[in-house]
Amino acid sequence: MFHCPAKTNFKESKMSILYTPAKLGSLTLQNHLVMSPMTRNRAIGNIPNALMAEYYGQRATAGLIITEGVSPSPNGLGYPRIPGIFSQEQVAGWKPIADAVHAKGAKIFMQFMHCGRIAHPLNLPAGARVLGPSAVAAEGDMYTDAEGMKKNATPQAMSEADIQAAIKEYAQGAKNAIAAGFDGVELHGANGYLLEQFIRPNSNQRTDRYGGSIENRARFVLEVADAAIAAIGKDRVGIRLSPYGVFNDMPLYDAMEADYTYLAQQLNARGLVYVHLVDHSPMGAPKVPDSIKQMFRNTFKRTLILSGGYDAARAEQDLAANKCDLIAVGKPFLANPDLVARWKAGAAVNAPDFNTFYTSGPKGYTDYPTLG
Ligand SMILES: Cc1cc2nc3c(=O)[nH]c(=O)nc-3n(C[C@H](O)[C@H](O)[C@H](O)COP(=O)(O)O)c2cc1C
């Protein structure tokens, strides 16, 4: 009788796209799996540290790691213990992290998260300000180490000078990230932070050239993208967007699809290396229509990353169906430093411990077990 398990394995491995190398601009990634950006609040004093190097190094069998949100400005540090990339001490703190990741073969992009109005002054360093496109506070609470839960602050509406200063901060941050050994940066244009606050009409009620029409509401995001590209080159600048996302008081509105179509066209014209789309519907958020993902696929000609609720089977499916080029995974990577090996082997995975997502120290951070 002819018995060929080896042949079956060969067939399966030939069919897998996920674990084969991938291209991202001029980079080659060791596989198609991206670790999603995840804020973990372990950066005491807003400075990256050795514990963070251990955490990222543990997960560097991914193709690409996108870091937690990192503020390019003192004004953008809305949450407690999130890292920055505006001081030399921070650049020095990031270097061992890039090295630890590269040593295991992954590439690493730094996510630039300016929190804007998702902030409380108690979380900001002395002299920093809570800023937003308009003086409209976001519904919701913000945790502070000093006094526990507080309402999100009402931001100061950014002046033209504030806007120009912020654009310069993004550009300088991009140079700093490259100086720290990073492969690129991801502009956080999703989830209700500063860039999305400019895009959405509820948080942007300006009447100058940064508010009103979508051409005006997109202007800040596109000027930030242009400045980052001028600083470090388009192969090193990606962007994360959340069309139909409602997180952080970003209600749905009628022109959503048209607005994001304009953004897709403009980002394509600039040739950023990737667009990374968020879909939090597996976490109970409103559905992100397939039509908008397909619109990005058709309009944006470089790399498209999809994220949200992926397991290995769904990742393979969407890659095989050419819905995107790379798959980003959050919570499974958080809880499984050896996620790639586990998925490849079809092994069981650790469940994430929600209680330690944002606490300080190694518990629930660097102590998730590996297969051994
Ligand atoms: C603890 C935690 C922190 C997160 N922080 C960020 C962040 O800093 N920036 C961001 O763009 N998304 C952030 N996210 C969202 C994730 O990147 C991802 O989109 C989400 O977890 C859904 O993907 P998943 O189903 O694979 O976990 C965070 C998610 C979690 C669980």
Side-chain angles (χ1 to χ4, degrees), residues 18 32-43 46 48 52 55-56 59 62 64-72 76-85 108-116 118-119 123 142-143 185-197 199 238-248 250 274-288 293 305-315 318 324 326-336 339-340 342-343 349-360 363-366 368:
L18 201 46
H32 286 69
L33 255 182
V34 177
M35 179 171 153
S36 276
M38 283 178 290
T39 290
R40 302 305 310 278
N41 307 77
R42 263 70 176 185
N46 309 118
M52 291 164 61
Y55 166 78
Y56 284 112
R59 286 155 180 77
L64 174 70
I65 287 181
I66 305 170
T67 68
E68 64 207 282
V70 179
S71 181
L77 293 166
Y79 292 102
R81 289 170 274 106
I82 64 169
I85 185 67
I108 183 162
F109 271 44
M110 184 181 290
Q111 188 186 55
F112 281 5
M113 179 173 79
H114 190 311
C115 295
I118 303 303
N123 292 336
M142 167 57 65
Y143 177 77
V185 303
E186 174 176 287
L187 306 174
H188 195 348
N191 301 350
Y193 300 103
L194 186 65
L195 296 180
E196 194 174 83
Q197 290 162 29
I199 296 168
I239 189 165
R240 197 170 207 215
L241 297 172
S242 49
Y244 289 88
V246 295
F247 187 57
N248 280 327
M250 286 293 163
Y274 71 74
V275 166
H276 178 184
L277 295 181
V278 172
D279 181 350
H280 285 170
S281 56
M283 294 155 78
K287 185 168 166 46
V288 181
K293 296 181 187 173
I305 308 177
L306 293 183
S307 69
Y310 276 97
D311 58 17
R314 221 185 116 224
D318 281 5
C324 60
L326 300 170
I327 298 287
V329 171
K331 294 184 292 300
F333 255 120
L334 182 155
N336 296 275
L339 183 71
V340 178
R342 284 179 192 250
W343 274 11
V349 291
N350 305 316
D353 170 21
F354 286 68
N355 293 322
T356 49
F357 275 3
Y358 308 116
T359 46
S360 47
K363 191 171 162 10
Y365 190 55
T366 48
Y368 282 101

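We count ligands from 1, going down the list as the structure has it; atoms in each ligand are counted the same way.
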(message) To the closest 0.5 Å, what do you measure between SG (C115) and CG (L77)?
(response) 7.5 Å
(request) Spell out, as yes or no, whether a donor-acceptor pair under 3.5 Å connects the side chain of R240 to the backbone of L187. (result) no
(message) Can you list everything that forms a side chain to side chain contact (heavy atoms under 4.5 Å, CB included) with A351? Sequence neighbours excluded, please.
(response) none
(request) Name all residues meeting the side chain to side chain contact (heavy atoms under 4.5 Å, CB included) criterion together with S281; count only those two or more places apart in sequence or in a different chain, and write none if there are none. (result) D279
(message) When you compare the side chain of Y274 with that of L326, does any pair of heavy atoms fall below 4.5 Å?
(response) no
(request) Please list, chain by chain and in numerical order, all residues satisfying ring-ring contact (aromatic ring centres under 6.0 Å, His included) with F333, sequence neighbours excluded. (result) none
(request) Let me know which protein residues bring a heavy atom to under 4.0 Å of ligand 1; chain then number is fine for ordering. (result) S36, P37, M38, T39, G69, Q111, H188, N191, R240, H280, M283, G308, G309, V329, G330, K331, P332, F357, Y358
